[in-house]
**Student:** 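Structure in structure tokens, see below.
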Amino acid sequence: MSNLEQTLSIIKPDAVKRNLENEIKEIFRNKDFNIVNEKKIQLSKLEAEEFYKVHETKPFYDDLCAYLSSGPIVVMVLEKENAIVANRELMGATNPKDAKDGTIRKKYGISIDKNSVHGSDSIENAKIEIDFFFKN
Ligand code: CDP
Ligand code: MG
């Protein structure tokens, strides 16, 4: 049965700074993700705090939000069969040290905080995150 899904992907500031935007998009396209919406923006600290609200009790929350708002990011809606899980697999583990060969974080991630990409982790969060960036 077909299960076409959309997920939210972010190319984070460390990767945009290193001009990896086109390379990372090519990886998604080669894995049959369609980029159905995209924009390059810079979030304010407050907007980053809203985006990462699920993590507000975590010790890394403040640094995480400062980092996400530290430079331009590329936000994309990716569409594919089972896109949410497929994107999580292609991204690799949160800590690039633990990420498997062939994953984006293994290839480009610098550290657990500068891990180059974000991807929604559930159907519910994908919808919330897509609306966060693309609902007018
Ligand atoms: O991004 P992912 O869903 O894989 O991980 P998360 O657990 O939802 O954490 C969100 C982001 O917080 C991660 O991508 C890391 O950049 C950052 N983080 C961190 O800086 N230190 C940690 N111990 C855990 C996560
Ligand atoms: Mg997450």
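Indexing begins at 1, ligand by ligand and atom by atom, following the structure's order.
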**Student:** Tell me, which pairs form a salt bridge (charged side-chain N to carboxylate O under 4.0 Å, His left out) where one or both residues lie in residues 118-128, sequence neighbours left out?
**Tutor:** K127-D131
**Student:** Taking only residues two or more places apart in sequence or in another chain, which ones pass salt bridge (Lys or Arg N to Asp or Glu O under 4.0 Å) with D62?
**Tutor:**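 Salt bridge (Lys or Arg N to Asp or Glu O under 4.0 Å) check on D62 returns K45.
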**Student:** Please enumerate all residues that pass ring pair (Phe, Tyr, Trp, His ring centres under 6.0 Å) together with Y67, with sequence neighbours excluded.
**Tutor:** none
**Student:** Under a 4.0 Å heavy-atom cut-off, which residues neighbour ligand 1?
**Tutor:** K12, H55, F60, L64, R88, T94, R105, I112, D113, N115
**Student:** Name the residue from I11, I10, N22 that meets the side-chain contact (heavy atoms from CB on, under 4.5 Å) definition with V74.
**Tutor:** I11
**Student:** Checking Q6 side chain against L78 main chain: does a donor-acceptor pair fall under 3.5 Å?
**Tutor:** no
**Student:** Within 45° of the axis and under 6.0 Å from the centre of the six-membered ring of F28, does NZ or CZ of K80 qualify?
**Tutor:** no
